[in-house]
Peer 1: 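Below are the structure tokens for one structure; questions will follow.
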Amino acid sequence: MKIKTWLLNQVDLILFIMVIFFKLLIFNYSLNLVDNQARYLMIGCLGSALILASIFSFGSPISRVKGMIVGDFIISLILFIDVVYNRYFYDVTSVALIKQAKLAAEVKSSVTALLKPTDLIIFLDVIIFLFLYIKLKEYIKIKNFKLSFKAIQFISLALLGFLLSFNSVKALEKEQPGITKTMYDKKYVVKRIGNINFHIFDFYRYISSNVLKKDSLTQEEKQNIKSYLDEKNKVNSPKYYGDMKGKNLIVVQIEAFQGFLLNKKINGQEITPKLNKLAKDSLVFDNFFYQTAFGGTSDAEFIINNSLLPIKEGSVYYQYPGNEYDSLPKNMKGNGYYTAVLHANRPGFWNRSNMYKTLGFDKYESELNFQIDDIQGLGLSDKSFFKQAVEKMKDYPKPFYSFLITLSSHYPYKDSNDKLKNIINTGEFEGTIIGDYIKSAKYTDEAIGEFIELLKQEGLWENSVVVFYGDHYAIPYDQKSTMGKLLYNRDTISNLEWQEAQKVVSMIHFPNEKIKGNVKQVTGQYDIYPTIANLFGFNVPYALGRDVLNTERGFVVLRNGIWIEDDKMYLNWVDKVVDRKTGKELNKEDYTSEFEKAYNMLKTSDGIIENNLIEYFNKAEN
Ligand code: GP9
Ligand code: MN
């Protein structure tokens with residue numbers, strides 16, 4: 001057959017390959033997932049386009065055109081979901097998240113607020129092709145090839161596609177060994193091998209670890225984890241051990257409370273005057289980073305109460321509520337405390353009712369236990385929540401550990417009943433996401449002020465250690481230029497500055513202000529539990545964090561592979577180690593031990609959670 005006839009008969013297939021290829025590339029460009037190694041990305045995208053085309057190359061002329069339109073639609077849908085998801089979570093989706101789609105749909109107002117009409121452009125070509133197909137279908141005169149020819153065509157397309165994709169995967173693995181297995185940086189994977197290859201890979205990983213059964217650890221690997229933890233958590237007559245025994249413990253997780261709020265003035269007014277005042281009498285963590293991943297609020301809750309890290313995809317709360325944990329509430333209970341968790345949302349959200357039982361809380365006060373008498377944002381206002389919480393806490397058996405989770409400062413920071421309109425004038429930021437956020441943060445700060453007053457009135461303040469910290473970021477990456485304006489008065493923000501802005505507020509107030517001052521070392525959410533445990537007089541053998549009051553230097557690892565030390569950090573998305581003071585790039589090769597440390601922490605945390613190792617270790621001990 002002549003090349004020309006062959007080509008003419010393959011116009012649809014060639015068009016399909018080109019459309020998918022360019023679509024994938026445009027996706028990467030729009031999410032800023034392209035760097036000087038773009039050739040691997042191109043190879044990967046072409047590879048996946050060829051693999052997809054091979055599937056349709058088998059059909060009869062009409063059915064293959066139909067199939068390709070459907071195929072284009074499915075690919076577009078995946079890209080669409082990734083674009084929207086990325087806007088909030090700053091990441092791409094993964095199969096394991098399907099289980100959580102129901103949860104995501106529950107935060108409807110934030111989902112709809114994330115959609116932009118321009119997102120529909122992603123489907124433009126599908127609509128055009130569909131239109132052309134309906135109008136022109138009688139004219140489709142593609143030759144129906146012989147089966148043997150189709151088979152050859154299928155095999156060559158699939159083979160070539162596979163080879164190209166494999167090549168990009170290989171290059172990625174060479175550059176970041178283990179990444180396709182741990183998926184610690186999914187966007188980096190997309191950057192190197194393209195979106196579709198990533199999803200195929202992700203699907204394969206999910207099936208192989210969840211359906212074809214996970215590769216459970218060998219006895220030796222389990223022992224290695226145990227030895228690593230024993231070595232890491234051995235204690236040597238620490239300071240402050242048991243000093244807070246008998247005091248109540250009140251931990252307040254504040255929704256999306258970023259660190260830059262503290263002591264920041266806008267238009268001459270403080271955003272968080274109450275917390276600023278409290279900070280003067282508290283132990284304040286100046287360099288405290290959130291470590292949450294896909295589980296958002298639930299990850300923060302998990303890290304604080306277990307000193308472990310979030311899982312690779314999805315949320316621990318949803319996927320591992322059946323495990324045994326050596327949690328903060330369990331240990332407090334073991335020390336004679338009454339334990340309660342308070343959050344005025346539906347009990348099924350984030351699988352909380354299951355997980356709170358597992359973590360060992362005596363009581364879960366959900367929305368069903370509160371009067372929903374005042375709304376702000378997603379639900380009960382923080383002011384009403386705190387008021388009712390103090391009412392409940394004053395009747396709890398003493399001593400108690402209560403864990404409170406706020407809600408009012410949740411994205412998209414909308415005003416309910418003009419509560420926020422005149423709360424603070426944000427000047428040039430009025431009407432922007434950041435402006436709305438500042439207003440809602442000011443509201444939560446006021447609520448915290450009232451909360452402290454109420455605790456004082458009830459005589460709880462001086463008998464309690466009170467911890468405040470933010471759960472995760474508030475401002476998505478697509479707002480980075482406004483963030484630059486807010487923090488540095490310019491429209492740009494460097495990579496380092498952006499990562500430095502990913503701190504959250506964190507402080508502990510002690511009875512009689514026994515311990516106060518500023519912790520300058522880098523700290524993370526996983527350091528809270530070991531620090532508290534020491535103060536209340538018990539050990540945490542499975543913690544990944546450290547007791548901040550008894551160690552000198554910090555090390556914080558994030559789920560995406562970023563690690564932060566007191567003087568330097570690794571920025572995964574630009575693949576650079578930088579000096580935190582000067583911003584200067586350092587030689588990556590000089591920090592292999594830091595990379596190893598970060599990798600070991602993630603591996604240990606995953607090992608424990610995926611294999612329910614705490615139960616295993618506890619059984620082995622008894
Ligand atoms: C829901 C609230 C929000 O109860 O905790 O969770 P988030 O969307 O921030 O993960
Ligand atoms: Mn949250």
Side-chain angles (χ1 to χ4, degrees), residues 84-91 93 96-97 99-114 251-259 261 288-305 310-311 313-319 321 341-356 359 361 364-370 372 375-382 384-386 389 403-414 416 433 436-437 440-441 443-444 447 468-476 502-506 525 559:
V84 175
Y85 186 81
N86 176 67
R87 200 165 289 147
Y88 190 31
F89 291 98
Y90 187 33
D91 206 349
T93 53
L97 295 171
K99 276 192 185 166
Q100 276 173 277
K102 229 178 76 205
L103 292 177
E106 292 194 39
V107 203
K108 274 202 201 80
S109 61
S110 21
V111 173
T112 36
L114 285 170
V251 177
V252 183
Q253 176 169 306
I254 320 169
E255 175 60 34
F257 228 70
Q258 277 189 239
L261 296 167
F288 186 87
F289 288 84
Y290 66 82
Q291 295 170 290
T292 57
F294 319 103
T297 302
S298 72
D299 276 352
E301 296 178 16
F302 179 72
I303 303 166
I304 292 294
N305 284 289
I311 49 171
E313 47 212 352
S315 91
V316 188
Y317 267 38
Y318 203 72
Q319 290 180 40
V341 49
L342 301 86
H343 179 58
N345 201 349
R346 270 158 297 118
F349 203 91
W350 278 129
N351 206 22
R352 281 185 171 111
S353 24
N354 284 320
M355 194 59 176
Y356 289 157
L359 293 178
F361 283 105
Y364 170 23
E365 314 256 22
S366 77
E367 129 184 307
L368 308 174
N369 306 64
F370 285 85
I372 309 301
I375 298 287
Q376 171 52 39
L378 286 190
L380 182 64
S381 73
D382 286 350
S384 176
F385 168 68
F386 279 131
F403 181 44
L404 283 70
I405 301 137
T406 75
L407 193 57
S408 292
S409 46
H410 194 284
Y411 190 86
Y413 321 118
K414 284 291 163 254
S416 307
I433 288 200
D436 290 349
Y437 171 59
S440 101
Y443 173 82
T444 295
F468 292 98
Y469 68 93
D471 64 349
H472 50 68
Y473 71 96
I475 306 301
Q502 304 309 303
K503 289 172 193 153
V504 283
V505 166
S506 179
Q525 287 169 325
R559 181 70 257 184

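Remember, it's a predicted structure, so these values are computed and weren't measured experimentally. Indexing begins at 1, ligand by ligand and atom by atom, following the structure's order.
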Peer 1: Quick one: are I433 and P412 in side-chain contact, heavy atoms under 4.5 Å?
Peer 2: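 They are not in side-chain contact.
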
Peer 1: Quick one: does D299's side chain get under 4.5 Å of Y290's, heavy atoms only?
Peer 2: no

Peer 1: Does ligand 1 come near enough to H343 that some N or O of the ligand is less than 3.5 Å from an N or O of the residue?
Peer 2: yes

Peer 1: Under a 4.0 angstrom heavy-atom cut-off, which atoms of ligand 1 come close to E255?
Peer 2: 9 (O)

Peer 1: For F403, which residues count as a ring pair (Phe, Tyr, Trp, His ring centres under 6.0 Å) partner, sequence neighbours excluded?
Peer 2: none

Peer 1: What are the atoms of ligand 1, with element, lying closer than 4.0 Å to any heavy atom of H472?
Peer 2: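 By the 4.0 Å cutoff, the relevant atoms are 9 (O).
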
Peer 1: Quickly, which of L404, V341, T406, I405 forms a side-chain contact (heavy atoms from CB on, under 4.5 Å) with Q253? Name it, please.
Peer 2: I405

Peer 1: Does T292 bring an N, O or S atom to within less than 2.8 Å of the Mn ion (ligand 2)?
Peer 2: no

Peer 1: Would you name the N/O/S atom of H472 that lies closest to the Mn ion (ligand 2)?
Peer 2: NE2

Peer 1: Under the salt bridge (charged side-chain N to carboxylate O under 4.0 Å, His left out) rule, collect the residues that match up with E367, sequence neighbours excluded.
Peer 2: none

Peer 1: Please state which part of W350 comes within less than 4.0 Å of ligand 1, counting heavy atoms only: side chain, backbone, both or neither.
Peer 2: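 The answer is the side chain of W350.
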
Peer 1: Please evaluate residues E301 and Y317 with respect to the criterion side chain to side chain donor-acceptor pair (under 3.5 Å), reporting the C-alpha separation (whole Å), side-chain torsions for both, the decisive distance (0.1 Å), and the verdict.
Peer 2: CA-CA 9 Å; E301 296 178 16; Y317 267 38; 2.7 Å; yes

Peer 1: Within this structure, what is the OG-CD1 distance for the pair S381 and I375, rounded to the nearest 0.5 Å?
Peer 2: 8.0 Å

Peer 1: Would you say that V504 contacts H472 through its side chain, given a criterion of any heavy-atom pair below 4.5 Å between the two side chains?
Peer 2: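 Answer no - side chains too far apart.
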
Peer 1: At under 4.0 Å between heavy atoms, which part of L407 makes contact with ligand 1: side chain, backbone, both or neither?
Peer 2: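 Looking at L407 and ligand 1, just side chain atoms fall under 4.0 Å.
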
Peer 1: Angle subtended at the Mn ion (ligand 2) by OE2 of E255 and OD2 of D471, to 10 degrees?
Peer 2: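 It is 110°, given to the nearest 10°.
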
Peer 1: Is there a polar contact, in the sense of an N or O pair closer than 3.5 Å, between H410 and ligand 1?
Peer 2: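 By distance alone, the answer is yes.
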
Peer 1: Which is closest to atom 1 (C) of ligand 1 by heavy-atom distance: D299, T297, N345, T292?
Peer 2: N345

Peer 1: Would you mind running through ligand 1 and noting each atom that sits below 4.0 Å from a heavy atom of R352?
Peer 2: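 It comes down to these atoms of ligand 1: 1 (C), 4 (O), 5 (O).
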
Peer 1: Search all heavy atoms of T292 against all heavy atoms of G296 and return the closest pair with its distance.
Peer 2: CG2-O, 3.5 Å

Peer 1: Should the proximity of E367 to ligand 1, defined as any heavy atom under 4.0 Å, be assigned to the side chain, the backbone, both, or neither?
Peer 2: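 None of E367 does.
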
Peer 1: Atoms of ligand 1 less than 4.0 Å from G296 heavy atoms?
Peer 2: 10 (O)

